[in-house]
Amino acid sequence: MEEFPASLVSQIAQDGIFLEARAGCSLRAFLSGECCISPEYIDNRISTIFLDSSPVDDIDSAMIKDGSIIALSAAMPGLVGAAMRRGGAYAAIRSSITHAEKEEYCRQGTVIVRLKLFNMVLKELGPGFFEKGVYVKCHDLARSLAEQTDDFWEKCKELIINGEQIECLRLRRGHYDFNCETALLTITVSGLSHTVP
Amino acid sequence: MDKILRIDMGADGGPKITETPLGDYAGLGGRAMTTTVVSREVPPLCHPLSAENKLVIAPGLLSGTIAAMSGRLSVGCKSPLTGGIKESNSGGQAAQVLARLGYAAIILEGKPKTDDIYKILIDKNGVKIVIDNSLKMLPNYDLVTKIRSEFGDKIACMSIGPAGEMMMNIASIACTDMELRPTRHAGRGGVGAVMGSKRVKAIVLDDSGMPMRTPKDPVKFKAANKVFTEGLLKHPVTGQALPAYGTNVLTNILNEAGGYPTNNFKEGRFAGAAKISGEAQAELEVKRGGLATHGCHRGCVIRCSGIYNDKDGHFLSKQPEYETVWSHGGHCGIDDLDSIAMLDFLDDNYGVDTIEMGVTIGVAMDAGLAKFGDAEAAINLVKEVGKGSPLGRILGSGAGVTGRVYGVERVPVVKNQAMPAYDPRAVKGIGVTYATSTMGADHTAGYCIATNILKVGGFVDPLKPEGQIELSRNLQIATAAIDSTGMCLFIAFAILDQPETFQALLDLLNSFYGLSLTGDSVVELGKKVLSTERDFNTRAGFTAMHDRLPRYFSTEPVAPHNVTFGVKDEDLDKVFAW
Ligand code: SF4
């Protein structure tokens with residue numbers, strides 16, 4: 001790739017990428033450990049976090065379990081946008097859907113979680129995740145590729161799927177067999193390196 | 001801004017122009033002006049389309065100055081949609097130009113006895129009113145093209161489309177933007193129908209030769225504007241999220257929270273949300289040579305809007321904002337941005353409120369008039385409104401009437417005004433505001449202003465559920481005050497987090513007018529506006545029973561959280577107890 005394929009990354013990351021995590025670890029531990037996100041970025045930039053659809057106020061007590069869906073966002077507009085912020089002044093507005101840690105989770109082994117990236121967080125963290133490689137649902141990847149325009153295909157030379165370099169022309173012509181559940185997708189851009197902040 | 005222009009459209013011998021000094025209305029701007037005039041001069045029991053109703057158009061206190069974000073316009077009247085008092089707010093160029101022409105308000109009174117339609121020209125030489133029946137039933141875009149050919153492109157134009165002429169409950173008043181397109185609307189509550197009842201098709205404003213309004217203390221004013229602007233630009237919401245993605249950045253957030261009303265409020269999550277998100281929209285706009293960052297008027301530094309081009313790179317509409325993308329998108333099960341942009345264009349062209357129109361179509365879909373997700377059918381239904389067919393007249397009367405005509409049980413309205421894009425079961429606090437707002441269901445009525453900085457009603461423990469009542473009250477007070485300044489409500493995010501930005505706003509007002517306003521004065525202003533509006537509504541026949549959500553929000557849980565609204569009636573009745 002000569003240029004980061006923002007449209008592809010954006011579609012996939014909004015739907016969610018799949019990552020391995022330690023069972024029973026806290027949301028903060030997951031973000032700083034598995035996702036390698038700096039503490040400053042977690043505290044200052046990721047102001048809104050959802051765990052299984054619920055806005056989270058305390059990322060130290062919220063625990064990850066197998067199949068958890070985590071969504072990360074920067075500060076959002078509107079009363080409701082502000083209400084979704086972690087520990088914000090308007091948390092009462094959404095108190096009935098706020099995340100409350102009730103269960104004890106298994107703390108052994110690894111689990112698979114789905115991570116969604118939105119808005120500024122998507123723009124800033126997305127490329128770094130894809131450079132390191134992320135698991136994606138094969139049908140999501142196939143669908144996203146099918147929706148790409150000429151603009152994408154003109155710039156796309158190859159994608160790395162399950163460690164194998166696949167020519168984009170092959171993907172465009174539908175000559176790649178997506179008959180799989182999940183695939184490891186890696187996107188590298190020549191001369192560019194995105195580190196997760 | 002030291003005079004009021006009154007035009008009696010029903011005067012014998014044709015419209016009569018009077019210019020008066022401000023008198024008792026001195027010191028009022030925006031919503032404070034429209035609310036005070038309507039409350040004092042309009043009989044609350046009058047028919048909204050009768051000669052007794054008045055249409056009040058007021059720029060904000062700082063409109064027409066160099067202050068950033070100061071170009072919002074308030075339009076007030078008795079609402080044909082709700083039957084209560086209405087302040088409908090619009091961006092575009094009109095507020096700035098009107099203020100520079102020296103008017104703190106235009107008040108349209110009376111009603112002509114004939115079917116002729118009028119255009120009004122206001123420039124530095126005065127006011128001219130002429131009959132122009134060649135404008136009859138022109139949609140807004142065609143109308144503005146015609147007006148432009150006559151008056152050039154240095155003007156601002158306020159107009160109504162066919163919906164306003166047909167006096168539909170959902171008719172808006174269009175205000176032209178910086179490109180002289182009729183894309184900004186005082187949308188809510190049917191203000192366009194009231195303009196239509198006065199038979200005024202267009203108000204052309206030309207401020208050529210008029211200077212910028214000058215502050216009492218220019219040095220302090222300039223300094224305050226600098227701090228204010230810097231505060232907006234450095235804040236992550238006003239300096240980054242809104243310019244990059246517009247308000248539609250909220251689609252993913254509300255959807256993730258399970259508070260995104262889908263298929264006429266049946267579910268809290270829409271499978272096609274990522275396809276119509278702000279992220280997807282911004283990317284598409286840039287790819288097609290449009291703009292993802294654009295202001296609706298000169299002096300806006302946040303620039304939450306954009307230009308949406310079609311597949312061939314031609315202008316289709318302005319960037320549809322979150323509420324529009326939702327009302328025509330998830331609410332109707334539609335996940336195609338091009339169709340949503342087309343619906344936005346049609347709404348602007350016919351001159352209807354995008355929220356009310358979209359919600360009405362969702363209700364019509366529930367009635368079986370079209371299938372959820374059928375974008376073509378939705379477009380055809382809006383075209384019926386533009387044509388004024390019997391079906392179009394029903395739809396143009398809003399979600400409440402459409403629901404009644406077609407026997408739909410679940411109609412998401414309060415005071416007959418359609419709910420915006422947040423399910424009040426998942427986000428109960430906003431439900432409190434929907435229920436109790438003087439305006440009907442309105443997401444901007446209680447906005448995100450720095451209640452704790454203002455110390456409105458004392459500090460609130462945000463973690464206590466009962467805090468929702470206090471929060472809604474405080475937010476409604478603060479919003480009413482900001483609406484009176486003419487500032488775009490989106491400044492609220494920077495004010496929330498940055499006390500120095502809030503102080504800069506006070507400094508702007510103080511240095512301009514030679515005042516010494518404090519946070520307390522702002523609170524008092526907000527309370528006064530709300531009390532005046534409540535009083536009007538009470539005199540118009542509103543009771544506590546009107547401050548309720550439709551019952552199904554309390555009895556039918558919404559997925560994925562399976563929650564109901566559940567705020568007690570007696571608590572709702574406490575919102576205005578101060
Ligand atoms: S922030 Fe948006 S709505 Fe507010 S003035 Fe600017 S463009 Fe208009």
Side-chain angles (χ1 to χ4, degrees), chain A residues 6-16 44-45 47-55 57 69-85 87-98 116-124 126 140 143-144 147 149-152, chain B residues 235-238 240-242 244-245 247 249-250 252-254 256-259 268-269 273-275 277-280 283 287 304 322 422 425-430 432-433 443 446-448 450-452 460-468 470-472 475 490 492-493 496-497 560-561 563 566:
Chain A
S7 57
L8 183 69
V9 166
S10 168
Q11 270 183 20
I12 295 174
Q14 285 180 74
D15 279 339
N44 302 327
R45 190 56 153 170
S47 59
T48 307
I49 303 182
F50 295 94
L51 179 57
D52 297 326
S53 305
S54 291
D57 289 316
I69 302 173
I70 301 153
L72 309 180
S73 159
M76 285 295 101
L79 170 59
V80 178
M84 296 299 168
R85 283 194 212 171
Y90 303 107
I93 285 167
R94 42 78 172 168
S95 55
S96 64
I97 60 167
T98 299
K116 298 181 180 183
L117 305 175
F118 297 147
N119 51 71
M120 305 308 291
V121 176
L122 162 61
K123 206 178 212 170
E124 289 158 1
D140 284 348
R143 195 196 59 215
S144 296
E147 286 170 5
T149 58
D150 291 349
D151 192 49
F152 169 83
Chain B
H235 190 276
V237 172
T238 47
Q240 293 175 343
L242 278 172
Y245 304 110
T247 52
V249 70
L250 283 171
N252 274 328
I253 303 301
L254 264 296
E256 197 57 31
R269 184 165 285 160
K275 285 194 188 166
S277 68
E279 291 87 331
E283 204 180 287
K287 199 185 284 175
C304 78
Y322 171 61
Y422 315 85
R425 290 164 287 194
V427 195
K428 293 187 202 310
I430 204 147
V432 173
T433 300
H443 63 295
Y447 225 61
C448 173
T451 50
N452 279 349
V460 168
D461 181 349
L463 298 177
K464 289 199 180 131
E466 56 273 24
Q468 289 163 14
E470 283 84 355
L471 271 176
S472 176
L475 290 161
F490 295 160
F493 318 120
L496 166 72
D497 295 327
H561 293 287
V563 282

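The figures here come from the full heavy-atom set of this structure, side chains too, leaving out hydrogens, waters and symmetry mates.
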Counting heavy-atom pairs under 4.5 angstrom with chain A, the leader among B:A426, B:G566, B:G259, B:A244 is B:A426

Region of A:D151 in contact with chain B, defined by heavy-atom distances below 4.5 Å:
side chain

Shortest non-hydrogen contact from B:A274 to A:D15?
CB-OD1, 3.8 Å

Partner of A:L72 under side chain to side chain contact (heavy atoms under 4.5 Å, CB included), chosen from A:T48, A:V121, A:L122
A:V121

Polar side-chain atom of B:Y422 near backbone of B:I430 as donor-acceptor pair, under 3.5 Å
no

Honestly, the part of A:A75 sitting under 4.5 Å from a heavy atom of chain B is both

Residues two or more places apart in sequence or in another chain: which of them pass salt bridge (charged side-chain N to carboxylate O under 4.0 Å, His left out) with A:R45?
A:E124

Which atoms of B:I253 approach chain A - backbone, side chain, both or neither, heavy atom under 4.5 Å:
both

Most chain B-contacting option - heavy-atom pairs closer than 4.5 Å, from A:K116, A:Q11, A:R94, A:Q14
A:Q14

Answer with side chain, backbone, both or neither: which region of A:F118 has an atom nearer than 4.5 Å to a non-hydrogen atom of chain B?
both

Closest non-hydrogen atoms of A:S53 and A:P55, given as atom of the first, atom of the second and distance, are O-CD, 3.8 Å

With only heavy atoms counted, which part of B:R269 is less than 4.5 Å from chain A, the side chain, the backbone, both or neither?
side chain

Taking every heavy-atom pair that is under 4.5 Å apart, which of B:A241, B:P236, B:A257 has the most such pairs with chain A?
B:A257

Of all the heavy-atom pairs spanning A:F152 and A:S7, show the shortest one and how long it is.
CD1-OG, 4.2 Å

Quick check on B:V427 against chain A: is it the side chain, the backbone, both or neither that has a heavy atom closer than 4.5 Å?
both

For the backbone of A:I97 and the side chain of A:S54, can you confirm whether one donor and one acceptor N or O come within less than 3.5 Å of each other?
yes

Please rank B:K287, B:Q240, B:K275, B:H561 by heavy-atom pairs under 4.5 Å with chain A and give me the top one.
B:H561

Side chain, backbone, both or neither: which part of A:M84 has an atom under 4.5 Å from a heavy atom of chain B?
side chain

Check side-chain contact (heavy atoms from CB on, under 4.5 Å) between A:N44 and all other residues, then give those that pass, not counting sequence neighbours.
A:E40

Largest heavy-atom contact set with chain A, pairs under 4.5 Å, which of B:V563, B:N252, B:V237
B:N252

B:S472 versus B:T433, closest heavy-atom pair with distance
OG-OG1, 2.8 Å

Atom group of B:E283 that falls short of 4.5 Å from chain A, counting heavy atoms
side chain

